[in-house]
Amino acid sequence: LATQFQVSRNVVREGLIILRDKGFISIHPGRGAFIKKPDPFMITSIMERIFQNYDTTIEDILEVREELELSIIAKAVKAADSYHIQKLYSLYHSMEEYKEDTNIFIKFDFEFHSTLAQATNNQLFSILLNSFVEMTDNVLFAITRLTPETIIEAQKQHLHLIQAIEEKNQHVAEKVMAGHMQVLRRDIESLKKRKLF
C-alpha cells in the first residue's frame with residue numbers, strides 16, 4: 001500500500017487505524033487487515049451524519065420512516081407466518097404489562113416494529129427501519145413520557161395491526177399503520193408547541 005500510494009508505512013498504518021476505529025476493517029497482527037461486515041449501528045451513525053449535513057428535520061426523518069413502515073406492513077401482511085404473528089402478540093402483551101415503564105415499553109415497541117420488518121423476509125427493511133427508529137428514539141421517549149395517553153392509542157393500533165396481518169387484510173393494515181404514524185406526527189407537533197422538544 002505504501003508503494004502503491006507513494007506514502008510512508010506510518011501513513012498507511014494511521015489510515016488502517018482510522019478505518020478500524022470507524023468499524024470498516026479489523027486488524028490482526030501477523031495476519032493483516034480484513035474488511036468487516038457492516039454493523040447496523042454503524043449504518044445509523046453514517047445516516048445521521050448525512051442528515052446533519054443536509055439540515056434534515058425530525059419531520060423529514062419521520063416522513064421517510066412512514067413510507068418505510070407502510071411498505072413493511074404491506075409486505076408483512078403477505079409474508080408473515082405463525083411465528084411472526086405469535087411473536088407480535090407476545091410483544092403486545094409485554095407492552096401492556098409495562099405501560100407504566102417508559103424505558104421498557106419503548107424497547108418492546110422497537111422490537112414490535114422490528115418484528116414487522118423481519119416478517120417481510122427482506123433483511124434490508126430491518127436494517128433501514130432500525131436506523132430510522134434509532135434516529136427518532138429520543139423523540140419517542142419524550143412523547144411516551146410526556147403524553148401517556150399516546151400509549152393507550154398506540155396499543156390499540158398495535159393490536160389492530162396484528163389482527164389485520166392475521167386476516168391478511170392489507171388495506172386495513174396500511175390504514176392502521178398510517179394512523180399510527182399520524183399519532184407520532186401529532187405528538188411531535190404538540191411537544192414543539194409546548195416547547196418541550
Side-chain angles (χ1 to χ4, degrees), residues 41 44 47-48 51-52 55-77 80 84-120 125-197:
F41 292 109
T44 302
M47 286 174 71
E48 280 179 331
F51 292 161
Q52 285 166 1
D55 297 324
T56 308
T57 65
I58 188 67
E59 289 85 359
D60 294 332
I61 293 169
L62 192 60
E63 183 179 2
V64 176
R65 180 183 165 186
E66 184 175 351
E67 291 301 320
L68 188 59
E69 293 270 21
L70 288 170
S71 292
I72 285 169
I73 199 65
K75 304 254 183 221
V77 166
H84 294 113
I85 292 167
Q86 287 312 308
K87 188 173 179 185
L88 289 168
Y89 271 122
S90 175
L91 290 165
Y92 166 79
H93 292 303
S94 296
M95 284 188 279
E96 278 293 293
E97 188 179 342
Y98 289 99
K99 280 194 289 196
E100 307 300 319
D101 190 323
T102 306
N103 283 320
I104 297 175
F105 181 88
I106 285 175
K107 283 178 186 168
F108 283 126
D109 184 58
F110 175 88
E111 200 176 338
F112 183 92
H113 286 270
S114 186
T115 301
L116 288 176
Q118 289 163 20
T120 66
F125 280 119
S126 294
I127 292 168
L128 289 171
L129 181 72
N130 289 350
S131 293
F132 277 95
V133 171
E134 282 166 28
M135 283 187 282
T136 54
D137 199 39
N138 61 332
V139 180
L140 297 176
F141 181 82
I143 288 169
T144 309
R145 187 170 53 82
L146 297 169
T147 56
E149 64 277 6
T150 296
I151 290 177
I152 297 163
E153 194 170 356
Q155 276 296 82
K156 285 180 186 172
Q157 291 166 332
H158 288 146
L159 184 58
H160 289 147
L161 283 171
I162 302 168
Q163 291 166 342
I165 290 169
E166 229 175 354
E167 294 163 9
K168 300 282 184 194
N169 192 329
Q170 184 177 331
H171 174 72
V172 169
E174 287 176 339
K175 188 176 175 185
V176 174
M177 183 59 83
H180 196 53
M181 292 294 105
Q182 195 55 44
V183 169
L184 272 180
R185 284 179 181 281
R186 183 198 67 204
D187 287 342
I188 287 170
E189 207 172 291
S190 171
L191 289 176
K192 281 190 165 182
K193 281 181 184 170
R194 291 157 61 190
K195 301 194 185 313
L196 294 170
F197 172 73

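Residue numbers start at 1 and run along the sequence shown.
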Could you walk me through whether F112 and I162 pass the side-chain contact (heavy atoms from CB on, under 4.5 Å) check?
-> CA-CA 10 Å; F112 183 92; I162 302 168; 3.7 Å; yes
Can I165 and I73 be said to form a side-chain contact (heavy atoms from CB on, under 4.5 Å), step by step?
-> CA-CA 8 Å; I165 290 169; I73 199 65; 3.8 Å; yes
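At a threshold of 4.5 Å between non-hydrogen side-chain atoms, the residues V172 and H160 do not count as touching. Using a 4.5 Å cut-off on side-chain heavy atoms (C-beta onward), Y89 and E166 make contact. Annotation: side chain of Q182 is in contact with side chain of R185 (closest heavy-atom distance under 4.5 Å).
Of the possible donor and acceptor atoms, none in the side chain of N130 sits under 3.5 Å from a partner among the backbone N and O of I127. A distance-only check finds no donor-acceptor pair linking the side chain of S90 to the backbone of Q86 [under 3.5 Å]. One N or O on the side chain of Q155 and one on the backbone of Y92 form a donor-acceptor pair closer than 3.5 Å.
Nearest heavy atoms, E174 versus L70: O-CD2, 3.5 Å. A117 and L129 make their closest contact through CB-CD2, 3.9 Å (heavy atoms, listed as atom of the first residue, atom of the second, distance). Annotation for V77 and Q170: closest pair CG1-N, 3.8 Å, computed over non-hydrogen atoms. Of all the heavy atoms in L161 and A173, the pair that sits closest is CD2-O, 3.5 Å. Across all non-hydrogen atoms, the minimal contact from V176 to Q157 is CG1-O, 3.5 Å. Contact record, I61 with T56: CG1-CG2, 3.8 Å, taken as the closest heavy-atom pair.
Side-chain atoms of Q163 and E167 include no donor-acceptor pair closer than 3.5 Å.
Considering only residues two or more places apart in sequence or on other chains, E153 meets the salt bridge (charged side-chain N to carboxylate O under 4.0 Å, His left out) condition with R186. With sequence neighbours left out, the side chain to side chain contact (heavy atoms under 4.5 Å, CB included) criterion links K87 to Y83, L91, E111, T115, Q118. Residues satisfying the salt bridge (charged side-chain N to carboxylate O under 4.0 Å, His left out) test with E97, not counting sequence neighbours, are none.
More than 12 heavy atoms of other residues, nucleotides or ligands shown are found within 6.0 angstrom of CD on E149. Other residues, nucleotides and ligands contribute at most 12 non-hydrogen atoms within 6.0 Å of the NZ atom of K156. In Y98, the OH atom is not crowded: 12 or fewer heavy atoms of neighbouring residues, nucleotides or ligands sit closer than 6.0 Å.
Taken to the nearest 0.5 Å, the CD atom of E96 stands 9.0 Å off from the CD1 atom of I152. Rounding to the nearest 0.5 angstrom, the gap separating the OG1 atom in T150 from the CG atom in D187 is 3.5 Å.
Each of R65, E67, E66 was checked for a side chain to side chain contact (heavy atoms under 4.5 Å, CB included) with E69, and the lone residue meeting it is R65.
Using cut-offs of 30° and 60° on the angle between ring planes, the pair H113 and H180 is parallel.
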